[in-house]
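Written out below as structure tokens is the structure these notes cover.
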Amino acid sequence: MEFMLKKSTSMRVGVFVDTANMYLNGGQRMRYDVLREFATRDGAELFRLNAYVTFDSERARNDSLYDKGVKRFYAVLRDFGYKVIVKEVRWFEDESGKRYGKANADLDMAVDLLQQSENLDRIVLATGDGDFARVVEAVQAKGCRVEVLVLDNGSRLLRQEADLFISGFLIPSLVPAENGGAEAAWGEFGSTVRGVCYFHKNDYGFVRFLGDINPNLWVTDTKRPDSPYLTAYFNDSQLPRDFDKNQLPSYNHIFEFKIVESAHGEGNLEARGITLKSWLPG
């Protein structure tokens with residue numbers, strides 16, 4: 001993957017990440033440096049870079065692996081320039097005497113979004129939690145553009161409120177494929193990428209995927225030279241056996257596949273070994 005040279009703009013951007021939501025919905029291997037790159041893809045100036053995390057002090061005292069793991073994660077975030085906002089887990093007992101832990105950083109994140117949006121032109125909100133839909137509306141009312149990035153289980157209402165919605169699985173290398181370290185870079189022959197099926201007929205179709213992190217996300221026509229998207233042919237034999245092809249074309253099904261050179265012409269791409277990575281209800 002090659003990042004294009006970006007021209008500086010006067011756009012002020014802030015990134016707010018619900019790390020627990022990302023982790024629990026497919027982001028265990030999410031690269032926070034790539035998220036930062038995506039947020040500033042058009043040369044915008046990064047004003048806020050906040051990551052909201054939880055920490056269980058009681059567990060840390062009894063589990064050294066947990067203690068070291070979460071602290072290492074916080075250190076990596078700080079290396080990438082994130083401000084780490086830690087919410088302590090608090091333990092309670094219900095009426096039956098059963099203990100349960102609670103640590104919800106949503107309120108802190110919502111307050112920061114409302115307050116800090118005063119100084120921002122654009123916000124990248126990484127969460128699928130539908131509770132933020134009303135916060136997004138409030139921030140937009142102040143004139144701030146909101147881009148929502150989700151993985152699995154993204155709230156339909158939150159996606160509808162966004163000025164731009166994108167699945168994080170579609171952003172090049174944001175969530176690396178399981179075998180991504182042993183193959184070509186995203187978008188090259190032999191690499192594993194993710195995209196959506198925009199055309200299907202009879203027993204074949206075409207998938208579209210982002211070739212690189214590029215400000216022209218709206219230019220989906222791959223014939224245009226300024227489009228960041230690439231297109232690949234596929235035969236239905238490459239689809240998962242239990243997938244109903246009558247659902248195609250679809251922008252809600254995120255497919256993962258390997259890119260090879262097509263036999264239908266030099267330089268053309270073909271998708272092989274297609275699997276369903278994620279699905280978001282329409």
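- Every salt bridge (charged side-chain N to carboxylate O under 4.0 Å, His left out) that R145 has, sequence neighbours left out, goes to E147.
- Using bins of under 30°, 30° to 60° and over 60° for the plane-to-plane angle, the ring pair Y204/F199 lands in the tilted bin.
- Using a cut-off of 4.0 Å between Lys/Arg side-chain N and Asp/Glu carboxylate O, R272 and E270 are scored as salt-bridged.
- No hydrogens or angles considered: nothing links the side chains of N268 and S262 as a donor-acceptor pair under 3.5 Å.
- Heavy-atom minimum distance, E188 versus S191: O-OG, 2.6 Å.
- Note: T127 OG1 to D18 CG = 4.0 Å, rounded to the nearest 0.5 Å.
- Applying side-chain contact (heavy atoms from CB on, under 4.5 Å) to V196 and the options V207, I254, L248, N252 leaves one that passes, I254.
- Judged by distance alone, the side chain of S250 and the main-chain N or O of H253 form a donor-acceptor pair under 3.5 Å.
- A side chain to side chain donor-acceptor pair (under 3.5 Å) check over residues 71-80, counting only residues at least two apart or in different chains, returns the pairs D67-K71.
- For K142, the NZ atom sits in a packed shell: over 12 heavy atoms of surrounding residues, nucleotides or ligands are nearer than 6.0 Å.
- The neighbour count for Y23 OH, taken as heavy atoms of other residues, nucleotides or ligands under 6.0 Å away, does not exceed 12.
- Atoms CG and CD1, from D42 and I213 in turn, are 12.0 Å apart once rounded to the nearest 0.5 Å.
- Side-chain contacts under 4.5 Å among hydrophobic residues (ILVMFWY), followed directly or transitively, place L107 together with V111.
- Across all their heavy atoms, D152 and S278 have their closest contact at OD1-OG, 2.5 Å.
- Going from atom SG of C144 over to atom CZ of R12 covers 9.0 Å, rounded to the nearest 0.5 Å.
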